[in-house]
Structure formats: structure tokens, C-alpha cells
Amino acid sequence: FLARAKIYHPDKGGDGRVFQELLIARDVLKDGAKQEIYDKILVDRQKVAETLIGNLGHTGKKVVKLRRKLHSEATVQRFLRELEKLTAKSNHKVVFEDFDIAQNPLPTESFERLFVILSQNKPHVERFRAFGCPTFDDQVCSWMTEWLRNAEKCYVPWELHLSDNAIADQGFQDMMKAIEMNDAFPGPDPRNPRRKAAVMLRLECNYISENIIRIKELDGTLKISRKSDPRGARGPSVKALLLVREDGSFGQRTGPPPAFSDERAQATMTKAVVDFGSREWMKQRNQGRSRSRRSRSLRRGGLRTRSRSLSH
């Protein structure tokens, strides 16, 4: 303090405003209560200054990594304003490699505004994560269908992660209808753009009737797949790939979706998850494939043993 005070003191020809700031800083540092308040304000300002939409290296793509970070209305509204400004005034197609807003208690009105922005400004969202959102119900699903219905050719989403939400039969049917009606689905395979790939859906732990899912599978537009199965559209009519558990079950809950204040709804926002494509996910997929190979080997061995016994 003394070193800087000698430089900025008005009697020494220094800047009087800077000297006054030095005096205020000294008073704050000498008072423990004032210092604590200052530290809190500084941390809050640093958080506000952080951009909510990041860049993915030098690829030109954007990323949204806001899982469990949209807990205040002010932050939600700031994110939506930033998203609208970015996508509305850009002269080129804005591409989001990952759009992760999972495990947040977003109000339904905020979801409505979000999907209006995505539908009208038409950015390309490659991977959309909104799992573990207890307010993501059939109404929110109907707003999402507008985005899916208006998605342009070559710019449809590749993955929709919507597990642990409050989606029921109507929401699922609306979503599938939007995908069926849009000729842009299936979109280009991200690993080989010359091929087509169905959009991957994650819908475990919702409230969808399994019979409704089976009907869509029989229609030919929905394909059921496990983690250990190779990905890709099976047939020209397949538009969506529903990822299920290794035992083939859909993992749907029964009864009506709980209220937001319910403990089950709150638990979805803190549930530990394994991200699709992560190292842990690859490990589980490889373990599933190993179990499948062992099972097939045992079945073949049993058939050979039975065949030999019959021949004797």
C-alpha cells in the first residue's frame, strides 16, 4: 500500500481517483467483515462474467455445458438471451457439438422460449442433453416437436438424451410424429456423412407405455438397440434409434409423473449418469458385447453337445 500510495498521492502528482481506491482497499482489508462481503461480490461478478456458451477449440463449433448450473432465474434468462443473440445475428449456420442443459429445474416457460429460439433461428444442435429435468413433461415435449419438425436437411440432431424426465404417452407420440413427418430424418451419419443414420433417443425412466413404444417399432420408423449393438439406420424407413438396457427392457416408470416438489423428481437432478460415448460408456458397451459373445458361444456349445448325444 505504501509503495503505491507514494506513486498515486495527489501531492506527488499522482492520480487522485486511484489514490482514493487505494484508501478504500486498505479499509476493506483491515476490516474482516468488509473483506468477506467484498470476496463474495467478487466471486459473484466472476461467475456472471463467464460466458454460458463456449467454443469447441478451433472447429468453429459451439458447446453448452450447463449441467446443474441453471438454478437461478437470472442465469436461465441470461443464457436464453445469449443463445438468441448468437443464433439470430450470425451470417453462417451455428453448430452446437454438445448442448447440455441436463439436471436443471428449468421452468416450463423457459423451455418454451428455448425451443422457439431453436425452431426459428435453426442452429444445428448435434447432441441435445436435457435428461434429469423434472419439468420436461408432455407440454415441453410438444414445444420440442416444433424444433424437430422444422429441422433442415443435413442439420437434424444426431442424439436426443431425454431420460429421467416426465414424458408420458402423448409427449412420446408427438415427438415421433414430428420425426416421421420431417423428410430430413434420418440425417447424415456423423462418422460417415455419405451414409444415413437414425437419430439416437435416450428415454429411460420416463412414463411412456411400453405398448406405445412397440407400436412405433412395428411401424418401422423406430428401431430398438442396446449399447452393445452397432449403431446405424437399419433400413430406409428407420428414422429413430431407441437405446434400451442390455436386457432389452425399456426401463419406463409406471403411474403419473410426480410433481416437481416430489422427492423422486428432485432425485433426478442429482443422479449420477454415464454420458454416451464416454470412457465409462465404452467400457460398459464392451462388457455387454463380451457377455453376448459368451452367451452365443455357450448356446452353440450346448447345441453341439445335444447333436452328438442324439447321433449316438
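Predicted model, so just to flag it, every value in this text is computed and none were measured. Computed over heavy atoms, backbone and side chain alike; hydrogens, waters and symmetry mates excluded.
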Shared hydrophobic cluster for [X] and [Y] (ILVMFWY, side-chain gaps under 4.5 Å):
X      : Y      : result
Tyr155 : Leu83  : no
Met175 : Ile224 : yes
Val125 : Leu86  : yes
Ile167 : Phe250 : yes
Leu70  : Val116 : no

For [X] and [Y], which heavy atoms make the closest approach, and how far apart are they?
X      : Y      : answer
Cys154 : Pro188 : CA-CD, 3.8 Å
Pro186 : Lys196 : O-CD, 3.3 Å
Ala184 : Ala151 : CB-O, 3.9 Å
Pro134 : Ala166 : O-CB, 3.8 Å

Hydrogens and angles aside, do [X] and [Y] bring a side-chain donor and acceptor to less than 3.5 Å of each other?
X      : Y      : result
Ser72  : Thr75  : yes
Asp247 : Ser249 : yes
Arg68  : Gln103 : yes

Test of understanding: with ring-ring contact (aromatic ring centres under 6.0 Å, His included), list the residues that count as partners of Trp143, not counting sequence neighbours.
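Partners of Trp143 by the ring-ring contact (aromatic ring centres under 6.0 Å, His included) criterion come out as none, since no residue qualifies.
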Not counting sequence neighbours, which residues clear ring-ring contact (aromatic ring centres under 6.0 Å, His included) with Phe128? List them please.
Phe99, Phe115, Trp147
Return each pair, listed once, that meets salt bridge (Lys or Arg N to Asp or Glu O under 4.0 Å) where at least one residue sits in [range]; pairs must be two or more places apart or across chains.
range            : answer
residues 53-64   : Lys61-Glu126
residues 101-117 : Glu84-Arg113
residues 171-187 : Glu180-Lys216
residues 143-157 : Lys93-Glu152, Glu146-Arg149

Counting C-beta onward and ignoring hydrogens, is there a side-chain heavy-atom pair between [X] and [Y] closer than 4.5 Å?
X      : Y      : result
Arg127 : His161 : yes
Leu148 : Leu160 : yes
Pro123 : Leu118 : yes
Tyr207 : Pro258 : yes
Leu243 : Met200 : yes
Gln173 : Ile212 : yes
Asn206 : Arg253 : no
Ser110 : Glu73  : yes

As an exercise, state the distance from [atom1] of [X] to [atom2] of [Y], rounded to the nearest 0.5 Å.
X      : Y      : atom1 : atom2 : value
Glu97  : Asp100 : CD    : CG    : 10.5 Å
Asp137 : Ser142 : CG    : OG    : 8.0 Å
Leu52  : Arg81  : CG    : CZ    : 10.0 Å
Phe131 : Leu162 : CZ    : CG    : 10.0 Å
Asn165 : Cys141 : CG    : SG    : 8.5 Å
Leu222 : Leu241 : CG    : CG    : 8.0 Å

Assess the residue pair Val156 and Lys239 against the criterion (side-chain contact (heavy atoms from CB on, under 4.5 Å)); give the C-alpha distance rounded to whole Å, side-chain angles, the decisive distance to 0.1 Å, and a yes or no.
CA-CA 11 Å; Val156 297; Lys239 292 193 171 189; over 6 Å; no
May I ask you to decide if [Y]'s main-chain N or O and [X]'s side chain share a donor-acceptor pair within less than 3.5 Å?
X      : Y      : value
Asp138 : Ala168 : yes
His71  : Asn104 : no
Ser225 : Leu242 : no

side-chain contact (heavy atoms from CB on, under 4.5 Å) for Trp158 and Val199? Distances and angles first, verdict last.
CA-CA 5 Å; Trp158 298 341; Val199 57; 5.9 Å; no
Stepwise salt bridge (charged side-chain N to carboxylate O under 4.0 Å, His left out) check, Arg202 with Asp164:
CA-CA 9 Å; Arg202 294 292 302 270; Asp164 286 291; over 6 Å; no
Under the salt bridge (charged side-chain N to carboxylate O under 4.0 Å, His left out) rule, collect the residues that match up with Arg214, sequence neighbours excluded.
Glu217
Pairing residues for Asp98 by the salt bridge (charged side-chain N to carboxylate O under 4.0 Å, His left out) criterion, not counting sequence neighbours
Lys65, Arg129
Output, in order, the C-alpha distance, side-chain angles, deciding distance and verdict of salt bridge (charged side-chain N to carboxylate O under 4.0 Å, His left out) for Asp189 and Arg191.
CA-CA 5 Å; Asp189 190 325; Arg191 294 168 298 182; 3.7 Å; yes
Can you name the residues that form a side chain to side chain donor-acceptor pair (under 3.5 Å) with Asn121, not counting sequence neighbours?
Thr87
Those residues that, when tested against Ser163, pass side chain to side chain donor-acceptor pair (under 3.5 Å) (two or more places apart)
Glu204
Quick one: name the residues clustered hydrophobically with Val63, using the 4.5 Å side-chain heavy-atom rule over I, L, V, M, F, W, Y, and just say none if it's on its own.
Leu56
Does the side-chain contact (heavy atoms from CB on, under 4.5 Å) test come out yes or no for Ile101 and Val64, once each step is laid out?
CA-CA 7 Å; Ile101 55 170; Val64 173; 4.1 Å; yes
Using side chain to side chain contact (heavy atoms under 4.5 Å, CB included) as the criterion, list what pairs up with Asp11, not counting sequence neighbours.
His9
Starting from the C-alpha separation in whole Å, work towards a yes-or-no answer on side-chain contact (heavy atoms from CB on, under 4.5 Å) for Leu203 and Ile208.
CA-CA 9 Å; Leu203 295 170; Ile208 307 167; 4.3 Å; yes
